[in-house]
2 protein chains.
Amino acid sequence: MSKQIAVTDLSVRCSPLVRQPLTSHDARDLALVFKALADPVRLQLFSLIASHVDGEACVCDISPAVDVSQPTISHHLKVLRDAGLLVSERRGTWVYYRVVPVALQALADSLVPESSGAPS
Amino acid sequence: MSKQIAVTDLSVRCSPLVRQPLTSHDARDLALVFKALADPVRLQLFSLIASHVDGEACVCDISPAVDVSQPTISHHLKVLRDAGLLVSERRGTWVYYRVVPVALQALADSLVPESSGAPS
């Protein structure tokens, strides 16, 4: 019954950081993604969503675990969504958030010299 | 003739972000590492060092490629070093910087659900 959540592909914004010098344009884009993760509360929220049942959660699921207001949580989730790390879907009263695995994989791949042994 | 560069192990500071909820302590530590990468100039400098011959470079090698002063470059490199992403070694007049592969791998591993297909 749930709608398909669109997947935002972050890979085009994650140039290989360690394989060749980043252009200033790529560095600016990639810095925005790291900046989204450069906040302890955002990291906790992101981790709560990523490790929640089925890899998705609404604010109602995660707000008890952090000591910040719901508007602040919503702001942080918007930053993560704008960075392409989360997607959201409204269902009734609540907005559900889900991590974007390909975005995380692209970010991880940007940090290591080359994919080690992963099948193509 | 060169001294062995000590490797700073960042892995203890990179809890798996997507496997279980981060503690506030782990989130704070991990956010500091992402914050070090959350600046376009720092990312460019880091990328220049990582992709330089033998994976190391001094300020003299990389300063022509970025439009900031040498003191600013040194400041950015200190932030990256303090985050455990670079190590440095003085040789004569210059300080040489080298990326820490295990730190990058630990950070990459923190972003993906599990190592896919890597031998244990």
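Chain naming here is simple, since letters A, B, ... match the order of the sequence lines and numbering starts at 1 in each.
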Can you check whether anything in residues 35-43 of chain A gets within less than 4.5 Å of chain B, heavy-atom wise, and list it by number?
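Within residues 35-43 of chain A, near chain B: A:Lys35, A:Leu37, A:Ala38, A:Asp39, A:Pro40, A:Leu43.
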Can you tell me how far apart CZ (A:Phe46) and CG (B:Leu30) are? Round to the nearest 0.5 Å.
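Output value for this atom pair is 11.0 Å.
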Atom pair OG (B:Ser47) and CD (A:Gln20), whose distance is rounded to the nearest 0.5 Å
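Between atom OG of B:Ser47 and atom CD of A:Gln20 there are 7.5 Å.
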Would a single hydrophobic cluster contain both A:Val79 and A:Leu32, if residues Ile, Leu, Val, Met, Phe, Trp and Tyr are joined by side-chain heavy-atom contacts under 4.5 Å?
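No, A:Leu32 and A:Val79 fall in different hydrophobic clusters.
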According to side-chain contact (heavy atoms from CB on, under 4.5 Å), who are the partners of B:Ser24, at least two apart in sequence or on a separate chain?
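Listed in chain order: A:Gln44.
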Given B:Leu111, which partner from the list A:Leu85, A:Leu107, A:Val99 fulfils the side-chain contact (heavy atoms from CB on, under 4.5 Å) test?
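Of the listed options, the one satisfying the test is A:Leu107.
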Suppose the criterion is disulfide bond (SG atoms under 2.5 Å apart): which pairs have a residue in residues 65-94 of chain A, not counting sequence neighbours?
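Residue pairs with at least one partner in residues 65-94 of chain A: there are none.
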Interface residue of largest heavy-atom contact number with chain A, from B:Pro21, B:Gly55, B:Ala50, under 4.5 Å
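Going by pairs under 4.5 Å, I would pick B:Pro21.
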Side-chain polar contacts of residues 62-69 of chain A - donor-acceptor pairs under 3.5 angstrom, sequence neighbours left out - could you list them?
{"unit_1": "A:Ser63", "atom_1": "OG", "unit_2": "A:Val59", "atom_2": "O", "d": "3.1"}
{"unit_1": "A:Ser69", "atom_1": "OG", "unit_2": "A:Thr72", "atom_2": "N", "d": "3.3"}
{"unit_1": "A:Ser69", "atom_1": "OG", "unit_2": "A:Thr72", "atom_2": "OG1", "d": "2.9"}

